[in-house]
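Here is the structure we will look at.
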Amino acid sequence: MPELPEVETIARGLDHQARGQRIETARLLTPSIRRAGDVDTVPGRVITGVTRRAKLLLIGLDNGSVLAFHLKMTGRVWLARTDEPLPLHAHAVFDLANSDRIIFEDPRRFGYLGLFSPRELDGWSFYAALGPEPLETTPHVLSQRLAGRQARIKSLLLNQTVLAGIGNIYADESLFAARVHPASRAARIPAARLDRLCAELQRILRAAIAAGGSTISDYRDAYGKSGLFQNHFQVYGKRGAPCPGCGQPLVTARIAGRTSTHCPLCQRLYV
DNA sequence: GGGATTGTTTAAAT
DNA sequence: GATTTAAACAATCC
C-alpha cells in the first residue's frame, strides 16, 4: 500500500538511476491501465527527473510532459535490465538507452498511468484538488486545515484534498503518537493537540522515508528491495497486541470506511 | 466461493 | 453550496 514515504522512496531511486536517460521504447501491454495520453509519443524522450506529488509518481520528460503513476494497493514501478524476463503482471515497460528498463506491474490492476502535458496535468481534477504536501509546511499550518471541521479526524487525514499523501498506515501511526482517538471530531480537538498531531505526522513521515518506506506485502522500492519502517509500527496491523503505552490489547474499529487500529485507553476521544 | 483488501469517485444525505 | 457519510468500483487472494 504505497503512501507518501513509499512513493517518495521509489521516486528518489528512479531519479538517481534514470535521470538523463533516453527512453528507447514504450510498450503498453495492458491498454486498460492507461488513463490519459498517448504512450507512443514517449520513445525518444529523455527523463529530466522523477518526483512525487501526493501518492503519484511523476516521471518528467524533456518535452515537458509527465508520466504519472498511481500504484493504489499492489502497484510497483521498478528498474530491471532489458535482458531479464518480464514479471507476470507487467502492464507497461519503458526500455532506456543504458539497457535499464522501467517496469510498471500490478497484479490487482487497481493502479494506473497517464501521460499529461503541463496544461493537461493542471486540468486533471484529481491533481488540481490535492491539498498541501505535509512535509512542505509547518505543523501549525497543517493543523489549521483540520481545525473547525466536524468530520472524524481519521477521515480528514485520509482526505487527499485536505492533506496529500496520507494513507491508513501513517494516519493510524500519527494518531497513536499524538494520543488522539481516530473517531474524534476535528473541531473538538484542542488546537495544541492538533498541532502536536501534525508534528507527529511529520516526524513519522520523515522517519519512514529514512527507512525506505513500509513493506506489508507488496511494496518494493525502485531496486526491488523492501522497506524497513514496518518494524517500527506502534499500532498499524497490530490488533490484539499490547498497547506500547498501557499494555492493554489494541483494538480495531471501522472508521470512515477504514480499519483503524488504536488504543481506546491511551487515545482520547474528542466528541 | 464469499469476504476482505485499498484509495478514489460518485451519489446521497444533512 | 458546502460538508459529511456511505456505497460502488477496480481485481485478486485465501
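Fair warning: this is a prediction, and the values are worked out from it, not measured in the lab. Below, all heavy atoms of this structure are taken into account, side chains as well, without hydrogens, waters or symmetry copies.
Side-chain N/O atoms of T252(A) and R239(A) include a donor and acceptor closer than 3.5 Å. If you check the side chains of H89(A) and D106(A), you find no donor sitting under 3.5 Å from an acceptor. Side-chain contact annotation: D62(A) with T48(A), donor-acceptor N/O pair under 3.5 Å absent. S184(A) and R152(A) share no donor-acceptor pair across their side chains, judged by distance under 3.5 Å alone.
At the heavy-atom level, D106(A) lies nowhere under 4.0 Å from the strands shown. Nucleic acid contact class of G111(A) (heavy atoms, under 4.0 Å, all strands): none. Heavy atoms of Y127(A) sit nowhere under 4.0 angstrom from any nucleic acid atom. Within the nucleic acid shown, R35(A) has no heavy atom closer than 4.0 Å to any nucleic acid atom. Within 4.0 Å (heavy atoms only), R109(A) reaches sugar-phosphate atoms of the nucleic acid but no base atom. Contact annotation for Y112(A): no contact, since no heavy-atom pair falls under 4.0 Å across all strands.
Base pairing of dT3(C): its partner is dA13(B), meeting the Watson-Crick or G-U wobble criterion (both donor-acceptor distances under 3.5 Å).
Side-chain to base pairing of R108(A) with dT5(B): one donor and one acceptor N or O lie within less than 3.5 Å of each other.
Counting to the nearest Å, the C1' atom of dT5(C) and the CG atom of L156(A) are 12 Å from each other. In this entry the distance linking NE2 of H89(A) with P of dA10(C) reads 18 Å, nearest Å. If you take CG of L158(A) and P of dT8(B), they are 9 Å apart, rounded to a whole angstrom. The distance between atom NZ of K72(A) and atom P of dC9(C), rounded to the nearest whole Å, is 14 Å. In this entry the distance linking CZ of R152(A) with P of dT3(C) reads 18 Å, nearest Å. For the pair F110(A) CZ and dA10(C) P, the computed distance is 9 Å after rounding to whole Å. For N159(A) and dA6(C), the CG to P distance is 15 Å, given to the nearest whole Å. Rounded to an integer number of Å, the gap from K55(A) NZ to dT6(B) P is 11 Å.
Taking the side chain of H70(A) as heavy atoms from C-beta on, and the options dT5(B), dT3(C), dT8(B), the nearest nucleotide is dT8(B). For M73(A), whose side chain is taken as the heavy atoms from C-beta onward, the closest listed nucleotide among dT9(B), dT5(B), dT5(C) is dT5(B). Comparing dT6(B), dT5(C), dT8(B) by their closest approach to the side chain of R185(A) singles out dT5(C).
Residue K154(A) holds its NZ atom at 4.0 Å from CG of N168(A), rounded to the nearest 0.5 Å.
Residue R254(A) has no polar side-chain atom (N or O) positioned under 4.0 Å from OP1 or OP2 of dT5(C).
Y223(A) does not carry R220(A) over the face of its six-membered ring by the limits of under 6.0 Å from the centre and within 45° of the normal.
Comparing T259(A) and S125(A) by the nucleotide of DNA chain B that holds the closest heavy atom to each, the one mapping nearer the 5' end is T259(A).
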